[in-house]
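Small disclaimer: the values here were computed from a predicted structure and weren't measured. In the text below, chain A, chain B and the rest are named by the order of the sequence lines, each starting its count at 1.
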There are 2 protein chains.
Amino acid sequence: MSKKEALTRAAADLLWERGYTGTSPAMILERAQAGQGSMYHHFSGKAELAVAAMVQMSDQLRARTEDALGGDGSAVSRINAFLDLERDPLAGCRIGRLTQDHDVVSDDVLRAPAAEFFSWVEGRLAGVLADGVRTGELRADTRPDVMASLIIAAVQGGYTLARAHQDPAAFRQAVDGVKQVVGNLVAGSGRG
Amino acid sequence: MSKKEALTRAAADLLWERGYTGTSPAMILERAQAGQGSMYHHFSGKAELAVAAMVQMSDQLRARTEDALGGDGSAVSRINAFLDLERDPLAGCRIGRLTQDHDVVSDDVLRAPAAEFFSWVEGRLAGVLADGVRTGELRADTRPDVMASLIIAAVQGGYTLARAHQDPAAFRQAVDGVKQVVGNLVAGSGRG
DNA sequence: GTCTATAGTAGGATAGAC
DNA sequence: GTCTATCCTACTATAGAC
């Protein structure tokens with residue numbers, strides 16, 4: 001593994017654990033087993049390295065999400081596959097946690113990977129829901145974009161609750177709620 | 001206003017804006033117009049001052065929340081009043097944002113105010129929903145605790161989306177989704 | 001490309017005067 | 001109670017050798 005790759009991976013891990021402000025170049029260098037020179041040779045500084053790490057994390061999350069949502073089952077089963085993706089509630093979302101960081105949100109270059117990631121996920125979820133409406137699986141009055149927002153917000157907020165309580169069950173309960181809601185979108189469902 | 005109070009308020013503002021790790025004692029002192037001595041006289045250090053600020057923020061949020069949920073209208077109208085509380089989506093939640101801070105979550109003393117706040121809100125929301133079930137306003141198969149989790153998670157996640165996109169509309173869309181879901185809990189509602 | 005040495009600034013806390 | 005002066009460490013970046 002090249003030093004550049006080691007630096008990007010170490011930065012990604014630390015951004016996840018400690019956020020942007022809470023991560024120093026020195027920590028990254030130690031974890032990557034690299035010296036100052038390697039980092040400043042490959043990147044202009046902390047910000048550029050962080051963007052590279054964020055893009056890497058975003059790409060990985062996007063691939064995992066597409067695996068779940070791109071299946072050939074029903075819309076509900078694809079949404080449930082997304083909700084059932086393996087996650088670490090206490091660790092939080094690799095991307096979402098960075099949106100709470102002042103230095104990230106106040107810099108468009110640092111914020112861009114997060115904005116793009118969420119735009120993509122919301123669009124993908126809405127697309128699956130729209131498929132379900134089109135095939136008649138879901139009620140005709142389902143609003144795909146609003147429900148997509150609710151789904152991704154519930155996941156992100158579930159992380160917040162789990163971290164506040166230091167209890168993964170808090171995440172699962174919020175996700176259970178959203179699963180129930182999605183189930184009730186099915187045309188002719190018991191709730192309907 | 002005493003220096004102690006000025007310090008607590010300044011710390012609360014900065015914790016909201018920049019988080020725990022991103023806020024330094026020097027910033028707090030400057031905003032509070034106080035010297036080092038004042039801070040270290042009234043508090044043992046940054047952590048103790050942060051706890052005081054968090055408790056202050058939690059108390060304020062709790063009062064505002066109780067105003068909305070403690071009304072005498074229907075369960076749905078009380079939940080909607082909570083969802084319609086004036087918020088600043090781009091600024092985020094005063095308490096929720098701190099759960100993304102590594103130094104806060106890894107210290108039980110710093111985490112406690114956040115854990116207690118969310119426990120209270122979740123319990124209060126579940127209580128309102130249970131009231132609705134008891135009076136027959138809401139369907140008998142409504143699960144108050146699960147729906148309470150979904151509601152507060154959607155709000156917290158709504159902040160995440162709004163900050164990622166730097167667009168308050170992203171918050172409102174997630175909240176719209178949860179309003180629609182709550183409306184569908186009403187016994188005999190159109191969706192039902 | 002990678003390293004160590006160095007530098008300037010800021011973070012967090014203490015000491016002691018008033 | 002409040003202030004300023006001081007201390008040690010960490011953060012972020014640069015310089016220059018290899």
Starting from [X] and following side-chain heavy-atom contacts under 4.5 Å between hydrophobic residues (I, L, V, M, F, W, Y), which residues can be reached?
X	result
A/Leu90	none
B/Met1	none
B/Phe43	B/Leu7, B/Leu14, B/Met27, B/Ile28, B/Leu29, B/Met39, B/Tyr40, B/Leu49

Give a yes-or-no answer on whether the side chains of A/Ser149 and B/Gln173 include a donor-acceptor pair shorter than 3.5 Å. yes

Would you mind reading off the distance between A/Leu29 atom CG and D/dC11 atom P, rounded to a whole angstrom? 11 Å

Taking for each residue the nucleotide of DNA chain D with the nearest heavy atom, is it B/Lys4 or A/Met39 whose nucleotide lies nearer the 5' end? B/Lys4

Restricting to ring pair (Phe, Tyr, Trp, His ring centres under 6.0 Å), what partner residues turn up for B/Tyr159, sequence neighbours left out? B/Phe171

List for me each residue that meets ring pair (Phe, Tyr, Trp, His ring centres under 6.0 Å) alongside A/Tyr20, sequence neighbours excluded, and say none if there are none. none

Are [X] and [Y] close enough that some pair of their side-chain heavy atoms sits under 4.5 Å apart?
X	Y	result
B/Ser58	B/Glu116	no
A/Val175	A/Lys179	yes
B/Leu129	B/Ile151	yes

Enumerate the residues from residues 40-50 of chain A whose closest heavy atom to DNA chain C is under 4.0 Å, giving them by residue number; use none for an empty result. A/His41, A/His42

Contacting residues from residues 9-25 of chain B, given that a heavy atom lies under 4.0 angstrom of DNA chain C: B/Thr23, B/Ser24, B/Pro25

With [X], which residues qualify under side chain to side chain contact (heavy atoms under 4.5 Å, CB included), at least two apart?
X	value
B/Glu30	none
B/His42	B/Lys4
B/Gln33	none

Begin from the C-alpha positions of A/Arg143 and B/Gln180 and carry the test side chain to side chain donor-acceptor pair (under 3.5 Å) through to its verdict. CA-CA 10 Å; A/Arg143 291 193 293 170; B/Gln180 184 176 318; 3.0 Å; yes

Of residues 98-107 of chain A, the positions that come close to DNA chain D - non-hydrogen atoms, cut-off under 4.0 Å: none

Identify which nucleotide among D/dA5, D/dT12, D/dA13 has an atom closest to any side-chain atom of B/Gln36, counting heavy atoms from C-beta outward. D/dA5

Under 4.0 Å from a heavy atom of chain B: give me the 5'-most and 3'-most nucleotides of DNA chain C that qualify. C/dG11 to C/dT14

